[in-house]
Amino acid sequence: MNKKTLALATGAVAAGALMVGGWFGYQHLEGQVYAGDVLRGYDAYTPAGTAPHSDDVFTGRVAAFEERREIEHWTTDIYRVDVASVLRGDVRGTVRVTFAPDNAAARRLVDGETYVFATQAGGGTGSVEDGHVLMFQGEMKPVDDAQLAAWKKAVALPMKLDQ
């Protein structure tokens, strides 16, 4: 066998191995993702996973539930939130926060309760005016000392600049 034939055969074997490996990798992922699932490049269920990807992290009191509507094919709740304290960012006053939970059974936020919000400023197609998109998808519970401490620790992590 000459060198040219050997190089072509080696290349064909390597390409076949990559193709088979890619197929098995896809099959592995396909079993974990179902219709309606959201794929993210971060852990949206923990403060440490969410904070580095958030422009603003703040505590805020839910002033009112405004409406539920479809934004970019997602059923989205829109809340008016009075900012209480800022852990990261420059958000102030009253903002509108969109919340499209991954879990359809997620509870609505309670008017008058204070929560920690990790958000990115809206501005995409279909976003609400003065809106902030909630990045955290874990259970939204009224803020307590332990939760606030976890978010303060998470905010100290460096921000991801590739947003």
Side-chain angles (χ1 to χ4, degrees), residues 22 25-163:
Y26 174 77
Q27 294 302 313
H28 170 73
L29 289 176
E30 188 177 45
Q32 298 176 15
V33 180
Y34 303 97
D37 282 356
V38 177
L39 296 177
R40 294 186 178 83
Y42 69 98
D43 180 2
Y45 296 91
T46 65
T50 305
H53 298 274
S54 301
D55 295 332
D56 300 296
V57 179
F58 60 94
T59 61
R61 186 183 62 78
V62 174
F65 168 78
E66 288 189 353
E67 64 179 316
R68 173 173 274 182
R69 68 174 163 166
E70 293 287 319
I71 297 179
E72 297 181 5
H73 307 292
W74 287 98
T75 301
T76 304
D77 291 342
I78 302 170
Y79 296 92
R80 192 171 60 251
V81 176
D82 297 326
V83 176
S85 65
V86 178
L87 304 176
R88 172 184 286 154
D90 58 2
V91 65
R92 301 281 184 265
T94 300
V95 296
R96 297 170 79 198
V97 176
T98 61
F99 180 39
D102 289 350
N103 180 355
R107 296 181 313 166
R108 278 200 175 140
L109 304 182
V110 178
D111 289 359
E113 291 286 353
T114 300
Y115 300 89
V116 176
F117 295 91
T119 66
Q120 282 188 343
T125 306
S127 65
V128 296
E129 186 177 327
D130 299 326
H132 290 258
V133 179
L134 189 63
M135 302 294 288
F136 183 67
Q137 290 293 317
E139 184 181 358
M140 291 293 288
K141 297 185 282 189
V143 68
D144 60 26
D145 291 341
Q147 190 183 121
L148 192 56
W151 278 102
K152 285 181 178 178
K153 182 178 177 183
V155 167
L157 296 171
M159 276 187 75
K160 299 290 184 189
L161 300 176
D162 56 345
Q163 296 180 24

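Computed from a predicted model, the values in this text were never measured in an experiment.
Interatomic distance, Glu70 CD to Thr76 OG1, rounded to the nearest 0.5 Å: 7.0 Å. For the atom pair CG of Leu134 and OG1 of Thr98, the computed distance is 7.5 Å after rounding to the nearest 0.5 Å. Atom CZ of Arg68 is separated from atom CG of Asp77 by 4.0 Å, given to the nearest 0.5 angstrom. Put simply, CE on Met135 and CZ on Phe99 are 13.0 Å apart, with the number rounded to the nearest 0.5 Å.
The shortest non-hydrogen separation linking Thr50 to Ala118 is CG2-CB, 3.9 Å. Contact record, Val116 with Met140: O-CE, 3.4 Å, taken as the closest heavy-atom pair. Listed here is the closest heavy atom pair of Phe58 and Val86: CB-CA, 4.1 Å. Heavy-atom minimum distance, Phe136 versus Pro47: CE1-N, 4.1 Å. Annotation for His53 and Gln120: closest pair O-NE2, 2.8 Å, computed over non-hydrogen atoms. A pairwise comparison of heavy atoms in Ala48 and Pro52 identifies O-CD, 3.1 Å as the closest pair.
Other residues, nucleotides and ligands place no more than 12 heavy atoms under 6.0 Å from the CG atom of Asp90.
At a threshold of 4.5 Å between non-hydrogen side-chain atoms, the residues Leu148 and Leu87 count as touching. Within the 4.5 Å cutoff, the side chain of Val133 has no heavy atoms near those of the Thr119 side chain.
Side-chain atoms of Tyr79 never come within 3.5 Å of backbone atoms of Asp111 as a donor-acceptor pair (strictly under, hydrogens ignored).
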> Checking side-chain contact (heavy atoms from CB on, under 4.5 Å) for the pair Arg92/Val83: CA distance, chi angles, key distance, verdict?
Replying inline: CA-CA 6 Å; Arg92 301 281 184 265; Val83 176; 5.7 Å; no

>> side-chain contact (heavy atoms from CB on, under 4.5 Å), that's the test. Do Glu113 and Val62 meet it? Break it down for me.
In response: CA-CA 6 Å; Glu113 291 286 353; Val62 174; 5.7 Å; no

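A search for side chain to side chain donor-acceptor pair (under 3.5 Å) contacts involving Thr59 returns Ser85, not counting sequence neighbours. Listed by chain and residue number, Glu66 satisfy the side chain to side chain donor-acceptor pair (under 3.5 Å) test with Arg80 (two or more places apart in sequence, or in another chain).
The side chain to side chain contact (heavy atoms under 4.5 Å, CB included) test with Phe117 singles out one residue from Val81, Asp56, Val57, and that residue is Val81.
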